[in-house]
Amino acid sequence: MPIPRVTATVDLSAVRHNLSRVRALAPTSKVMAAIKADGYGHGAVPVAQALAAAGVDAFAVACLEEAVTLRDAGVTTRIALLEGVLSRDEAVEAAALGLEIVIHDRWQLELLASLPIDAPLAVWFKLDSGMHRLGFPLTEARALNEALLAHPNWQLQGWITHLACADDLTSSMTQTQIAAFETAMQGIPGERSIGNSAGLIAWPQARVDWVRPGLMLYGASPMPGQTAADLGLKPAMNVVSRLIAVHEVSAGESIGYGATFVCPVAMRVGVVAVGYADGVHRILPTGAPVLIHATRVPIIGRVSMDMITVDLRALPQAAVGDPVTLWGAGLPVEEVATWAGTLAYELLCGLTNRVHYRYL
Ligand SMILES: Cc1ncc(COP(=O)(O)O)c(C=O)c1O
């Protein structure tokens with residue numbers, strides 16, 4: 001059997017543990033787990049199966065295709081389509097699969113109103129409390145509630161709004177958004193949903209009828225000042241490749257494309273079988289860490305399509321075949337993301353189909 005070049009090992013017990021952290025923080029809220037983008041790169045189906053077994057209340061995906069994948073795999077839990085449907089055909093299919101359709105814009109309202117469907121249709125309304133991405137203006141909440149009267153088969157699941165700055169404790173925006181949403185919703189029946197991971201971690205007022213965590217379920221921290229460990233979260237993914245060559249390179253010789261790293265002394269250089277075609281960002285600079293034998297060693301030179309090169313001066317015992325962790329236990333994905341000038345979200349969902357997945 002061939003040995004996989006790069007393996008992402010996903011620990012589903014960590015995902016379940018992280019759900020228990022959500023429940024501890026928001027004990028009276030129902031949990032809609034965000035498993036869009038293939039479960040943030042962890043594999044939506046296994047993650048959904050693990051969370052469903054742990055009693056999660058619903059899932060959130062971005063689009064119909066993602067929900068179909070889950071239903072095809074036998075997932076029967078409630079699923080909301082966060083961006084709603086894009087066409088009448090999608091709406092009919094969503095209804096047939098018992099999916100819950102978020103309506104965020106007037107054109108979607110009209111599309112659903114024009115459907116020749118009498119069967120029950122589960123809908124959420126999304127309101128824009130200040131992020132100005134998706135959602136109806138707050139001033140339309142009352143009219144939306146009244147629109148339900150014209151569609152007796154529409155079953156309102158609740159009202160959603162999304163926070164723009166929940167990860168920033170110094171911003172007043174979250175409180176402003178929540179207050180505006182609550183004011184607009186006064187006297188309007190139906191369940192509310194406000195907080196994503198950062199919202200539910202940092203803002204107790206965002207823990208309403210429903211919370212919608214994503215990132216924290218995978219064991220990464222959404223809060224810049226707090227690590228996953230600080231929040232009691234367990235990282236669910238370990239990405240590991242291996243050394244496929246170890247060289248002695250003379251002082252003054254350069255490494256890799258563009259010859260951007262020049263060896264200051266004679267040194268051991270390792271070549272790791274992972275590159276940007278696997279999801280390791282090319283922007284990672286010289287100095288960004290990988291983990292070998294629990295020791296951080298720096299990447300040197302450019303990340304190429306299939307390989308990276310690392311400085312092995314701190315690890316004289318490193319040899320061909322040794323595992324190399326790109327992120328996971330001992331090297332938080334949040335930290336690697338900072339080196340790449342991005343967020344854990346982008347690294348996690350950026351692994352490519354060349355990576356082999358293994359589930360614990
Ligand atoms: C509408 C909505 N709710 C919840 C989430 C989950 O957010 P997070 O992964 O930050 O918890 C997202 C993710 O982007 C989202 O778009």
Side-chain angles (χ1 to χ4, degrees), residues 14-15 18-19 21-26 29-42 44 47-48 51 56-63 66-67 78-85 99-105 108 123-136 157-169 171 173-174 177-178 181 191-203 206-226 228 231-233 235-237 333-334 337 342-350:
V15 176
N18 297 329
L19 174 65
R21 292 297 303 145
V22 172
R23 293 217 188 273
L25 283 164
S29 302
K30 286 183 255 189
V31 180
M32 178 184 287
I35 58 168
K36 58 203 173 87
D38 200 21
Y40 288 40
H42 293 66
V47 167
L51 289 173
V56 78
D57 301 284
F59 293 119
V61 297
C63 57
E66 292 183 338
R78 296 171 62 178
I79 304 175
L81 304 178
L82 286 178
E83 293 178 9
V85 288
L99 305 175
E100 303 183 4
I101 300 174
V102 173
I103 308 176
H104 60 74
D105 198 283
Q108 290 184 321
V123 298
W124 292 81
F125 284 129
K126 182 156 188 179
L127 296 177
D128 175 12
S129 55
M131 183 164 173
H132 303 317
R133 196 176 59 173
L134 293 183
F136 291 90
Q157 308 301 304
W159 302 82
I160 288 181
T161 198
H162 197 41
L163 301 172
C165 300
D167 58 347
D168 181 357
L169 297 177
S171 166
M173 184 149 183
T174 300
Q177 280 193 266
I178 294 175
F181 180 67
E191 294 184 330
R192 275 79 155 144
S193 175
I194 301 177
N196 59 353
S197 298
L200 80 94
I201 288 169
W203 305 90
R207 302 168 192 154
V208 292
D209 300 305
W210 286 85
V211 290
R212 301 190 311 274
L215 190 70
M216 68 183 291
L217 292 172
Y218 308 99
S221 168
M223 308 305 297
Q226 286 174 292
L231 297 168
L233 301 171
M237 183 192 280
V333 64
E334 299 92 310
T342 184
L343 298 174
Y345 296 84
E346 196 182 2
L347 292 191
L348 293 173
C349 55

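One-based numbering, in listed order, for ligands and for the atoms of each.
- Ring planes of Trp210 and Trp124: perpendicular class, angle over 60° (limits at 30 and 60°).
- None of Arg212, Arg23, Lys30 except one satisfies the salt bridge (charged side-chain N to carboxylate O under 4.0 Å, His left out) rule with Asp57; the exception is Arg23.
- Counting heavy atoms from C-beta outward, Ser29 and Leu200 have side chains that stay 4.5 Å or more apart.
- Looking at Leu348, Leu343, Val333, Asn196 one by one, the single match for side-chain contact (heavy atoms from CB on, under 4.5 Å) with Leu215 turns out to be Leu348.
- Protein residues having at least one heavy atom under 4.0 Å from any atom of ligand 1 are Ala34, Lys36, Tyr40, Leu82, Lys126, Arg133, His162, Asn196, Ser197, Arg212, Pro213, Gly214, Leu215, Tyr345, listed by chain and number.
- Residues that satisfy the ring-ring contact (aromatic ring centres under 6.0 Å, His included) test with His42, not counting sequence neighbours, are Tyr218.
- Without hydrogens or angle criteria, Glu334 side chain to Pro222 main chain gives no donor-acceptor distance under 3.5 Å.
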